[in-house]
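Accompanying notes for the structure given below.
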Amino acid sequence: MRDLAEAAPALLLDWYDRHARDLPWRVPPAQALRGVRPDPYRVWLSEVMLQQTTVAAVRAYFAAFTTRWPTVQALAAAPDAEVMGEWAGLGYYARARNLLKCARVVSDDHGGVFPDTADGLRTLPGIGSYTAAAIAAIAFDRPAVVVDGNVERVMARLFDVHTPLPAAKPELTAKAAALTPAERPGCHAQAVMDLGATVCTPRSPACGICPLMAHCAGRAAGTAPDLPRKTQKQPKPVRVGLAYLARRSDGAWLLETRPDKGLLGGMLGWPGGDWAETPQAAPPPVEADWRDLPGEVRHTFTHFHLRLALRVADVGMDAQPVRGHFVPAAQFRPADLPTVMRKAFDMARGAF
DNA sequence: AAAGCGTGGTG
DNA sequence: TCACCAAGCTT
C-alpha cells in the first residue's frame, strides 16, 4: 500500500467533485474550484452543530439559527435564553453555551472576524482540535489535518489498523496527515468525511462503489466491516427522579432555568429532585394539592437511563413558588425545552 | 485522562 | 426493545 498516499488524494477529490452532498453550509466543489469560499460564520456554526450529531438532525437547526441570526455579531447580541431555547432538542447543551461565548469573543475581541488558522481557532470556546482543523480547511483552505469519527473509520480500514479506539487515535491521525494534500485541502477534508458518511459507513460499508477499494488494506483482509475496533463501554445504570409540573389559573407554567454546569445546563426544566439510582427527597417548589401521575417518563442520556415520575397541580394567582418562575402561557413554547422535559410536559398536559 | 455530556435513527 | 452510532469538547 506504499502508493496509497500518492493515489488517494486525487481519487478522493475526483469522487468528491462528482458525489459531494449538497449541504446548506457548503460551497459546491465546482465553485470551490474557482476559489469561492464559504462564510466562516456558517462553517463554524455547522461544525459545532455537527459535533456528535447527524446531518439530518442539524439541517432544521442550521436554517433556524442562520435565519434568526445571520451574522456572528447578531448571534453575539442575542439573549442567552433565546439561544438556549433555539438549541433545545439538539442535545449536548454545553455546545450552545460555548457557541454564545465564542460568538461574543469573536465579535468583541476580533472585530467579528474569525481567526483563519487552526491554532487561532483552537483558542476559542467550544472549538477543539477537530473543529479548528475543519474550519481552517473548509473556510480558509488551509492544509489542516481533519480527524473526526468518519476519518478515523476510513483510516482504520484503509490501513487495516486493529488497535482499538481511543488508543488508536494518534496512529489514525498520522495516517490522515499522510493523505492530506496541499491542493484543495478543504475539499479533501469534506471528501473523506462524505465518504465515511455515505460509503465507508459503520455497518455494511459499500466497498463495491468506493473510489479507494483497490487500495484498501481492510477490504483486502476482509476486516473492513469490523473496523475500527473500540474498547468496551460501561453499561448504563438506571436512575430515578421526580418532577413537579404546576399550572397557574392564568395558564402560566412553573419552570426553572437549570444551573449552567452539568446535565442540561442552562436549559429550562421542571423543578424537581436530583436524579440518582435510589429515590431522593424532592420538596415541592410551591405549596399546592399535588397529585401523582400514573406512569413515568423514560429517557436515555449519554451515561444513564432515567425514569421520571411526575406530580401535577393547579395553583392560584397568589401562589408563591420557592423555586423557579411562572412562564406566561403566551411565552411558553414546549420546543424551548430539552427533550426529557418536553416528554414530561406531553405526558402531563392531559392531566390539566 | 477518564468521565460527563443529548438526541434521534437504525438494525 | 435495545445497543450502537453520529462532522467532539471540557474538566
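Predicted, not measured: the structure shown is a model, and the values here were computed from it. Residue numbers start from 1 in every chain, and the chains themselves are labelled A, B, ... in the order their sequence lines are given, proteins ahead of strands.
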Spacing of A/Leu263 atom CG relative to C/dT11 atom P, expressed in whole Å: 16 Å

Interatomic distance, A/Leu227 CG vs C/dC4 P [rounded to whole Å]: 17 Å

d(CG, A/Asn98; P, C/dT11) in whole Å: 7 Å

d(CZ, A/Arg95; P, C/dA6) in whole Å: 15 Å

Within 6.0 Å of CD in A/Glu183, more than 12 heavy atoms from elsewhere: no

Co-membership, hydrophobic cluster, residues A/Met213 and A/Val154, 4.5 Å side-chain: no

Residue A/Arg203, side-chain atoms from C-beta onward, closest of C/dG8, B/dG6, B/dG11: B/dG11

Touch class at under 4.0 angstrom, heavy-atom based, for A/Ile135 against every strand present: nothing

Sugar-phosphate, base or nothing in reach of A/Thr300, heavy atoms under 4.0 Å: base

Residue A/Glu82 excluded, over 12 heavy atoms near CD under 6.0 Å: yes

Closest to side chain of A/Thr339, choosing from B/dG6, C/dC9, B/dG8: B/dG8

hbond_proxy A/Thr53 side chain to B/dG6 base (donor-acceptor, 3.5 Å cutoff): yes

Rounded distance in Å - NZ (A/Lys236) to P (C/dC2): 13 Å

Atom pair OG1 (A/Thr173) and OH (A/Tyr130), whose distance is rounded to the nearest 0.5 Å: 13.0 Å

Touch class at under 4.0 angstrom, heavy-atom based, for A/Arg153 against every strand present: sugar-phosphate

Sugar-phosphate, base or nothing in reach of A/Ser204, heavy atoms under 4.0 Å: nothing

Parallel, tilted or perpendicular: ring planes of A/Phe301 versus A/Phe304, cut at 30 and 60 degrees: tilted

Touch class at under 4.0 angstrom, heavy-atom based, for A/Gly265 against every strand present: nothing

Sugar-phosphate only, base, or nothing, as touched by A/Pro125 at under 4.0 Å among non-hydrogen atoms: sugar-phosphate

Rounded distance (Å) that lies between atom C1' of C/dG8 and atom CE of A/Met193: 13 Å

Contact under 4.0 Å: A/His299 side-chain N or O vs B/dT7 OP1/OP2: yes

Residue pair A/Thr53 / A/Leu90, side-chain heavy-atom distance below 4.5 Å: yes

N/O (side chain, A/Gln52) to phosphate O (OP1/OP2, C/dA6) under 4.0 Å: no

A/His303 vs B/dG4: side-chain N/O to OP1/OP2 distance below 4.0 Å: no

d(CG, A/Leu50; C1', C/dG8) in whole Å: 11 Å

Whichever of A/Gln234 and A/Arg97 has its nearest DNA chain B nucleotide further upstream toward 5': A/Gln234

Nearest-nucleotide 5' precedence on DNA chain C, A/Lys101 against A/Val147: A/Val147

The single option from A/Trp253, A/Trp270, A/Trp290 passing ring-ring contact (aromatic ring centres under 6.0 Å, His included) against A/Tyr244: A/Trp290

Nearest-neighbour nucleotide for the A/Arg342 side chain, C/dG8, B/dG8, B/dC5 considered: B/dG8

N/O donor-acceptor pair, side chain A/Thr302 with base B/dG6, under 3.5 angstrom: yes

Options C/dC5, C/dG8, B/dC5, nucleotide nearest the side-chain atoms of A/Lys233: C/dC5

Separation between the P atoms of C/dT11 and B/dG6, rounded to whole Å: 14 Å

Nearest-nucleotide pick for A/Lys230, side chain only, options being C/dT10, C/dG8, C/dC5: C/dC5

Nearest-nucleotide pick for A/Lys261, side chain only, options being C/dT11, C/dG8, C/dA3: C/dT11

Out of C/dG8, C/dA3, B/dG6, whichever nucleotide has its closest atom nearest the side chain of A/Tyr93: B/dG6

Atom-pair distance (CG on A/Leu264; C1' on B/dG6), nearest Å: 8 Å

